[in-house]
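The structure appears right after this line, and notes come after that.
If you read the sequence from its start, that first residue is 1, and numbering goes on from there. Here the structure is a predicted model, which means the values were calculated and not measured.
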Amino acid sequence: MRITPAERRRLLGHRHLLAPGERAGLVEDVAETLVGLHATDAASVVLSARARVREPSPADVDRALYEDRTLLRMHCMRRTLFVVPTDLVPVFHHSTSEAIARRERAALLKHLAATGPARDGRWLDTAEKAALEALTRLGEAGAVELTAEVPALQETIVLSPGKPYQATQRVGGWVLRLLAMEGRIRRGRPLGGWTSNQFRYSVAPEMPPMDPAEARAELVRRWLACYGPGTADDLAWWTGWPNGQVREALGRIPTAEVELDEGTGLVLADHRLDEALSRDDAPWAAFLPGLDPATMGWKHRDWYVDPEHRPLLYDTAGNGGPTVWWNGEIVGAWAQRADGEIAWRLLADRGAEARAAVEAEAAALQEWLAHYRMAARFPAPLTKELTA
């Protein structure tokens with residue numbers, strides 16, 4: 001079966017809860033359907049949810065993350081921060097975070113060893129124990145407060161010594177990130193509003209055990225349910241796993257092959273693509289934030305973004321900036337200026353209906369953000385131009 005780019009764009013609207021009538025009732029539903037929300041830029045979590053929830057509010061995300069604890073912010077795919085459903089944390093942890101944490105620990109020990117033999121694995125274990133004891137005593141604390149409590153965390157390491165980009169960093173930031181990756185502490189409320197990227201920490205509950213291979217298979221199953229059809233290359237890029245682990249995970253779940261422009265694609269075997277593609281589609285426009293799951297869901301992107309536009313919409317590291325969508329296709333970019341104005345530009349002309357829908361969505365976003373100011377943490381070239 002061949003799936004055309006136009007058909008994939010139609011599927012994206014429904015599976016990513018962007019088509020009219022498909023919007024979710026709860027933020028938790030969005031995070032579960034999309035297999036997590038990118039959270040390296042804290043504002044992206046709220047804005048990604050806003051585009052998909054029928055009655056969005058920053059307070060809904062706040063409630064889910066910090067009151068009900070149905071969502072959790074954690075490092076997982078490609079060492080990136082995601083907000084994921086709490087009941088799926090073991091899946092993300094055992095499939096991905098454990099391996100990332102091992103590499104993080106090895107890197108930190110290497111940096112510590114470069115400063116002297118006394119700062120070895122035993123030294124790090126002692127520092128971690130002191131940090132956990134302080135967090136247990138305090139209940140919750142930000143990095144600055146915790147570092148003040150634990151002298152070892154105030155010590156420094158030098159990165160890239162002798163290079164023009166040499167940098168000196170406190171050990172505390174590394175230790176907290178490592179403890180979070182290992183599932184021993186968790187991020188809580190930000191030190192500021194919902195656009196803040198600094199968080200308080202608390203001791204985490206014990207991580208439930210899970211076979212890593214089963215965890216990887218479950219994560220792949222969920223990715224295919226929302227992002228399929230996609231290729232094995234897409235999966236390897238999205239997860240950050242070696243190709244062998246991707247193949248092993250795919251071998252554990254029933255899949256079917258389809259023909260895509262970029263090669264052989266995969267879907268879950270029980271997905272009824274004919275039925276999904278036969279739906280009557282209402283047109284839709286969306287303003288999605290930087291690093292949105294739809295912008296960052298695949299390695300091969302030509303079917304939803306013109307290759308000539310990609311240098312304007314993604315930075316040199318591949319991070320997607322805030323984008324304007326029309327019917328499953330990126331057609332432009334947007335940004336919020338310092339005075340609160342929503343500035344946007346279309347890169348493709350899709351007719352009067354598309355422009356009218358984009359204008360209406362821009363006005364709705366302008367009203368929704370009336371009392372907030374934010375800036376994309378990873379601005380693409382066109383984002384910078386719009387805010388200049």
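- Comment: Arg186 does not engage Glu140 in a salt bridge, judged by the lack of any side-chain N to carboxylate O separation of less than 4.0 angstrom.
- A donor-acceptor pair is defined here as one N or O able to donate and one able to accept, closer than 3.5 Å; no such pair exists between the side chain of Ser44 and the backbone of His38.
- One hydrophobic cluster, built from ILVMFWY side chains closer than 4.5 Å, cannot hold both Trp303 and Leu273; they sit in different ones.
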Can Arg23 and Glu55 be said to form a salt bridge (charged side-chain N to carboxylate O under 4.0 Å, His left out), step by step?
CA-CA 9 Å; Arg23 302 287 168 87; Glu55 297 181 6; over 6 Å; no
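- Distance CG/Asp120 to CG/Leu109: 8.5 Å, rounded to 0.5 Å.
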Show the numbers, then the answer: is there a salt bridge (charged side-chain N to carboxylate O under 4.0 Å, His left out) between Glu22 and Arg54?
CA-CA 9 Å; Glu22 302 287 334; Arg54 287 189 291 273; over 6 Å; no
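- Within the 4.5 Å cutoff, the side chain of Asp233 has no heavy atoms near those of the Glu262 side chain.
- Exactly one of Val324, Leu312, Val331, Val305 qualifies for a side-chain contact (heavy atoms from CB on, under 4.5 Å) with Leu347. That residue is Leu312.
- The environment of Glu367 atom CD is sparse: at most 12 non-hydrogen atoms of other residues, nucleotides or ligands sit within 6.0 angstrom.
- Under 4.0 Å is where a charged nitrogen must lie from a carboxylate oxygen, and between Asp234 and Lys299 no such pair does.
- Within a 6.0 Å radius of CD in Glu257, no more than 12 heavy atoms belonging to other residues, nucleotides or ligands are found.
- For Glu155 (side chain) and Val171 (main-chain N/O), no donor-acceptor pair under 3.5 Å exists by modelled atom type.
- Arg345 is listed as a side-chain neighbour of Glu385, based on a closest heavy-atom distance under 4.5 Å.
- Checking side-chain atoms of Arg337 against main-chain N and O of Leu386 turns up a donor-acceptor pair under 3.5 Å.
- Between Asp306 and Glu308, the shortest heavy-atom distance links the atoms OD1-N, 2.9 Å.
- When all heavy atoms of Gly25 and Val53 are compared, the closest pair comes out as O-CG1, 3.9 Å.
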Applying salt bridge (charged side-chain N to carboxylate O under 4.0 Å, His left out), run through Arg10 and Glu7 and close with a yes or a no.
CA-CA 5 Å; Arg10 289 177 61 192; Glu7 289 173 328; 5.8 Å; no
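- Across every non-hydrogen atom of Leu34 and Arg15, the tightest pair is CD2-O, 4.2 Å.
- Looking at Asp315, its side chain never comes within 3.5 Å of a backbone N or O of Ala380 through a donor-acceptor pair.
- In this structure, the side chains of Ile330 and Leu313 come closer than 4.5 Å at one or more pairs of heavy atoms.
- Under the 4.5 Å side-chain heavy-atom criterion for grouping Ile, Leu, Val, Met, Phe, Trp and Tyr, Leu191 is not connected to Leu138 through any hydrophobic cluster.
- Leu176 and Val89 fall into different hydrophobic clusters, where Ile, Leu, Val, Met, Phe, Trp and Tyr side chains are chained together by heavy-atom contacts under 4.5 Å.
- Scanning both residues, Arg119 and Ile157, for their nearest heavy atoms gives NH2-CG2, 3.7 Å.
- Counting non-hydrogen atoms of neighbouring residues, nucleotides and ligands closer than 6.0 angstrom, the CZ atom of Arg122 reaches no more than 12 such neighbours.
- Side-chain contact check for Val267 versus Leu224: every heavy-atom pair is 4.5 Å or farther apart.
- Without hydrogens or angle criteria, Ser196 side chain to Gly193 main chain gives no donor-acceptor distance under 3.5 Å.
- In Arg2, the CZ atom is crowded: over 12 heavy atoms of neighbouring residues, nucleotides or ligands sit closer than 6.0 Å.
- Salt bridge annotation for Arg177-Glu128: absent, with no cationic side-chain nitrogen under 4.0 angstrom from a carboxylate oxygen.
- Between Trp298 and His16, the two ring planes are tilted [angle within 30° to 60°].
- For Tyr201 (side chain) and Ala180 (main-chain N/O), no donor-acceptor pair under 3.5 Å exists by modelled atom type.
- Annotation: side chain of Tyr66 is in contact with side chain of Pro190 (closest heavy-atom distance under 4.5 Å).
- Contact check for Leu365 versus Trp344: no side-chain heavy atoms found under the 4.5 Å cut-off.
- The aromatic rings of Trp238 and Trp223 sit tilted, their planes meeting at an angle between 30° and 60°.
- Using modelled atom types and a 3.5 Å distance limit, the side chains of Trp334 and Thr323 yield no donor-acceptor pair.
- Between Met181 and Met74 there is no side-chain heavy-atom pair separated by less than 4.5 Å.
- Scanning both residues, Ala335 and Thr387, for their nearest heavy atoms gives CB-CG2, 3.4 Å.
- Cluster membership check: Phe199 does not share its hydrophobic cluster with Ile185, using side-chain heavy-atom separations under 4.5 Å among Ile, Leu, Val, Met, Phe, Trp and Tyr.
- The environment of CD in Gln198 is sparse: at most 12 heavy-atom neighbours from other residues, nucleotides or ligands sit within 6.0 Å.
- Put simply, the side chain of His93 never gets that close to the backbone of Met210: no donor and acceptor are under 3.5 Å apart.
- When atom types are taken as modelled, the side chain of Ser95 and the backbone of Ala215 share no donor-acceptor pair closer than 3.5 angstrom.
- Residues Leu260 and Pro229 are in side-chain contact: their nearest non-hydrogen atoms beyond the backbone lie under 4.5 Å apart.
- Note on ring orientation: taking the six-membered ring where Trp is involved, the planes of Trp194 and Tyr372 are perpendicular (angle over 60°, cut-offs 30° and 60°).
- Nearest heavy-atom pair, Ile100 versus Cys76, reported as atom, atom and distance to 0.1 Å: CD1-O, 2.7 Å.
- Both Leu124 and Leu132 are assigned to one and the same hydrophobic cluster, defined by single-linkage of ILVMFWY side chains at heavy-atom distances under 4.5 Å.
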Working for ring-ring contact (aromatic ring centres under 6.0 Å, His included), residues Trp174 and His111
CA-CA 11 Å; Trp174 283 75; His111 292 311; 5.1 Å; yes
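- With a 6.0 Å cutoff to the six-membered ring centre and a 45° limit on the axis angle, Arg52 does not count as a cation-pi contact of Trp284.
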